[in-house]
Amino acid sequence: MVLDLLRAQGEGEPARTRRRAARLDALIEHARSRTVFYRDRDSGLPPAHVRLGQLPPVTKPELMAQFDEAVSDPAVTQVRLEAFVAEPARVRRPFLDRYFVCATSSSSGRVRDRR
């Protein structure tokens with residue numbers, strides 16, 4: 001990754017733009033191929049070369065209502081996560097031995113800038 005970034009700096013803006021587009025394509029393809037939520041949600045969009053602004057926003061209530069369909073690892077479920085974070089002895093331990101999890105107090109799903 002670091003070598004790719006250094007190469008991109010030397011190749012100029014057109015190369016960086018191509019890299020950004022390729023990375024976005026890869027991210028979207030990953031989400032569509034691994035989750036029912038994004039596959040269904042993005043079904044009306046082109047199969048590739050989607051611009052970030054074309055993607056519909058996702059709210060926290062939408063995501064939480066379909067949590068199990070939105071995660072890319074079927075072993076991760078809302079019920080299992082809630083049970084995991086409810087147990088104080090599990091603080092600082094990875095969920096399923098590979099994911100770090102935290103619970104937040106946010107209920108609106110909106111990001112607020114203090115400014």
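Numbers here are sequence positions counted from 1. Values below: all heavy atoms of this structure, side chains included; hydrogens, waters and symmetry mates excluded.
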To check you understand the geometry: which heavy-atom pair defines the closest contact between E62 and P57, and what is its length?
OE1-O, 3.9 Å
Minimum heavy-atom separation for T35 and A70, please, with both atom names.
CG2-O, 3.3 Å
Donor-acceptor pair, side chain of D68 and main chain of P74, under 3.5 angstrom:
no
Can you check whether R32's main-chain N or O pairs, donor with acceptor, with R39's side chain at less than 3.5 Å?
yes
Once you round to the nearest 0.5 Å, how far does CD of Q78 lie from CD of Q66?
11.0 Å
Going by the side chain to side chain donor-acceptor pair (under 3.5 Å) test, which pairs reach into residues 44-57, not counting sequence neighbours?
D25-H49
Can you tell if the side chain of D42 reaches within under 4.5 Å of the side chain of P56, non-hydrogen atoms only?
yes
Is the shortest side-chain heavy-atom distance between L24 and V50 below 4.5 Å?
no
With a 4.5 Å cut-off on side-chain heavy atoms, are D73 and Y99 touching?
yes
If you define the side chain from C-beta out and look only at heavy atoms, does anything of V85 sit under 4.5 Å from F95?
no
Report the distance from atom CZ of R41 to atom CD of E69, rounding to the nearest 0.5 Å.
13.5 Å
Can you confirm whether more than 12 heavy atoms, excluding those of R16, are under 6.0 Å from its CZ atom?
yes
Run the salt-bridge test on E13 and R20 with the 4.0 Å N-O cut-off and return the result as yes or no.
yes
Do the non-hydrogen side-chain atoms of R80 and L96 ever get within less than 4.5 Å of each other?
yes
If you group Ile, Leu, Val, Met, Phe, Trp and Tyr by side-chain heavy-atom gaps below 4.5 Å, do V101 and M64 land in one group?
yes
Same apolar cluster (I L V M F W Y, side chains within < 4.5 Å links), V91/F100:
no
Does the side chain of F67 reach to within under 4.5 Å of the side chain of V76, using non-hydrogen atoms?
yes
For the residue pair I28 and L55, establish whether any side-chain heavy-atom pair is separated by less than 4.5 Å.
yes
Contact check, side chains of T77 and E82, non-hydrogen atoms, under 4.5 Å:
no
